[in-house]
Amino acid sequence: MLKLWNERLRRHQLNQFKYLRLIFNDNFVLAFIVLIGALGFWYSNLLGTIHHTLVFGKPIVIILLFLAVQVGGIATLLEEPDSTFLLVKEKEFYKYFRAAKNYSSFMPVVTLALVNFLLSAFASRGAGLKIIDIIAIAIGLIVYKLAFLNVNLMEIYDRAHFGSISMRLASNILLLVALAISTYFFSWTMLIVAVVYYFYLNAQVRTLETSGQLQWKLAIETEDQRMFRIKRFYNLFTDVPGVNSKIRRRKWLDGLLTPIKPVSSNTYLYLFARGFVRNNEYIGLFLRLTIIQAIMLALIDNFYISLIVEMLFIYLVGFQLKPYFKEVMQNLMQRLYPISGKTKIADFTKLSTTILSIQWIISALAILYKFGLSMNSLIIIVAGLAVLIFVNYFYMPRQLKKYLD
Amino acid sequence: MTLEVKELTGGYGQVSVLKKETFTVESGQVVGLIGLNGAGKSTTIKHIIGLLTPRGGQILIDGISLHDDVEKYRKKIAYVPEMPILYPELTLKEHIDLTIMAYDLDHDKTWANANELLKTFRLDNKLDWFPQNFSKGMKQKVMIVCAFMTDASLFIIDEPFTGLDPLAVNDLLNIVEAKKKAGCSVLMSTHVLATVQNHADKFVLINHGQVRADGTLDQLKAKFDMQPDANLDDIYIKMSNEDL
């Protein structure tokens, strides 16, 4: 069983590595640095405005730490066929899950350490906590999270409840209470509670080996959903096979589609436009990036950062639309249509021009809000338009050609 | 409409699955394409519809090849794939509209055909559904509707009977019969030999990427040296045993 786990882990990590490499391409790294820079800039500005302990400082710290603990669960790497092929090995799966739990503790520990580190500046200034308090709480949270992974494991054995109360709910209430006592009264409470809870849960989990009954369906579904979330995240940056995004009818948007006349030359525009507004993935991506861009532009008053944000985000939305074209091109039936590849690309460009123009107008409004009617505004808006034209008329046609066959 | 496949050689990548296949489908003929799994039926079909490029030989529809006039060639064919392929983001009604646009068909006339077919397959009240709500058999029916409402003259259907309920199989055979009467040709690959035996005019038996034999049932019996009461199943098994 440990061999199976190690084999799966190796394959899983190779896969992750493959996607991470695709995500961290030049475009993304650039966007990422700008984003981190902008956030850091905003955070340090914010800290500069805090001169004494805030009333809501402690509640904010509690909420953020509570949310940080929720990050990451147990990665079981179970697969659908397991419930058929490995059913007979059920008893031995306990060892497999122990290994899975050990592997799964890495991500949450790193996340918690990082969040605590970043939050410490605010915690000491805004919430009036001492460094030793912050460290004690951080260690307490990490131990607590290690304990909580056992709850994840007990869930797939359907043993995660105290009577009729779910262990997850009870644990979260315990966490909130311990965090509140730690921040307001005695900072070591979190650590003490966490250690006790850790030993209690570890003892509980040990009984699973002899008396547990694995809930195969639940376990596999949980893992599927976890993988789906990861892949959906990767899918924002690169295309991941096997991610089928949700489709919604959105009848109320049909009005937007009526200008597309049902004539032969519009065949692909008809298809692309409907797909774009109904496929959560693409419209979601457009909305997310447009909204983030508009908020950043409305808040940042540095000319150069705004200029980069304006240009970069328009380029990013255009860049991220490419996989949609590829997805449609993979449909076998459309390859039989008596319509040339040139028309397909031209129709897609019409769609992308419309989408980027909407984004450009929204971002222009945000810029005008921040910089008013000034030379700076004009330069940024014109730069955005230049990127729009570049993406639609030079970049897209060349890039899309390779997806035609 | 005549389909001529002449000495067709081809396959995926470097591997030649098909070796010098030759057969014809005449106007008003229903032809059954028969062979074991992996014999090359679907590969033959993919070459005819133009998804694969032949390495050798020729495929002509009414004397023109895909190379001569892509649009003209493609408009003559309607294809129903083995596994239904639909657009996840389009409703049933929009699939029909899209097909009309893509093949530049007459809107009202085609919709009249489509409505009749939709009624036959009991899909007429599901026009606003998405593919994700359809069962496998219903998807197959959508593919059939989208193919048979067009004014193509050659209908190519890959394994049409699997997944369809018996009523739908019967309806499909009636539609095929009607198209045949109208002078169109139908090429269908299938494993359901009892059905195809009663409804096809001619059979093309494929083995190892080659045409082992073709002709009517009587011609095949003669070629394989079979009893007069032999059926297609017997011939098929005899052909498969030749390898042993």
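Below, chain A is the first sequence line, B the second, and so on; all start at residue 1.
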Check: Would you find a donor on one side and an acceptor on the other, under 3.5 Å apart, between the side chain of R74(B) and the backbone of R335(A)?
Finding: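 Checked: pair present.
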Check: Would you call E94(B) and R278(A) a salt bridge, using N to O less than 4.0 angstrom?
Finding: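 R278(A) and E94(B): salt-bridged.
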Notebook entry, point to check: Relative to the ring of Y87(B), is the ring of Y337(A) parallel (under 30°), tilted (30 to 60°) or perpendicular (over 60°)?
Noted result: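 Plane angle between 30° and 60°, so tilted.
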Item checked: Options N266(A), T267(A), V263(A), ranked by heavy-atom pairs under 4.5 Å with chain B, top entry ->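 Highest number of heavy-atom pairs under 4.5 Å: T267(A).
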How far apart are the closest heavy atoms of [X] and [Y], and which atoms are they?
{"X": "Q132(B)", "Y": "I247(A)", "result": "NE2-O, 3.6 Å"}
{"X": "E71(B)", "Y": "P338(A)", "result": "CG-O, 3.5 Å"}
{"X": "L336(A)", "Y": "I49(B)", "result": "CD2-O, 3.6 Å"}
{"X": "S264(A)", "Y": "A102(B)", "result": "OG-O, 4.3 Å"}

Flag if over 12 foreign heavy atoms under 6.0 Å of [atom1], [X]:
{"X": "Y12(B)", "atom1": "OH", "value": "yes"}
{"X": "E116(B)", "atom1": "CD", "value": "no"}
{"X": "K72(B)", "atom1": "NZ", "value": "no"}
{"X": "H67(B)", "atom1": "NE2", "value": "no"}

Next item on the list: Working to the nearest 0.5 Å, report the span between CG of N331(A) and CD1 of I85(B).
Entry: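 N331(A) CG to I85(B) CD1: 6.0 Å, rounded to 0.5 Å.
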Item checked: Nearest-0.5 Å distance, CG of residue L98(B) to CG of residue L271(A) ->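 Taking CG in L98(B) and CG in L271(A), the distance rounds to 5.5 Å.
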Note to self: Shorter than 4.5 Å, heavy atoms on both sides: which option in L105(B), T99(B), I77(B), L90(B) has the most such pairs with chain A?
What the structure shows: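 Of the options given, most contacts go to L90(B).
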Next item on the list: Could you tell me which portion of Y73(B) (side chain, backbone, both or neither) has an atom closer than 4.5 angstrom to a non-hydrogen atom of chain A?
Entry: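 When you check distances to chain A, no heavy atom of Y73(B) falls under 4.5 Å.
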Notebook entry, point to check: Non-hydrogen atoms of chain A under 4.5 Å away: do they reach the side chain of I100(B), the backbone, both or neither?
Noted result: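 I100(B) has no heavy atom closer than 4.5 Å to chain A.
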Note to self: Is there a side-chain contact between E327(A) and E89(B) in this structure, where contact means two heavy atoms from C-beta onward sitting under 4.5 Å apart?
What the structure shows: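 E327(A) vs E89(B): side chains touch.
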Next item on the list: Output, in order, the C-alpha distance, side-chain angles, deciding distance and verdict of side chain to side chain contact (heavy atoms under 4.5 Å, CB included) for R249(A) and D128(B).
Entry: CA-CA 9 Å; R249(A) 177 70 178 86; D128(B) 214 25; 3.4 Å; yes
Checklist line | Proximal component of R248(A), with respect to chain B [non-hydrogen, under 4.5 Å] | finding: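 The answer is the backbone of R248(A).
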Next item on the list: I would like to know whether M333(A) and L86(B) meet side chain to side chain contact (heavy atoms under 4.5 Å, CB included); could you show each step before the answer?
Entry: CA-CA 8 Å; M333(A) 294 310 283; L86(B) 295 162; over 6 Å; no
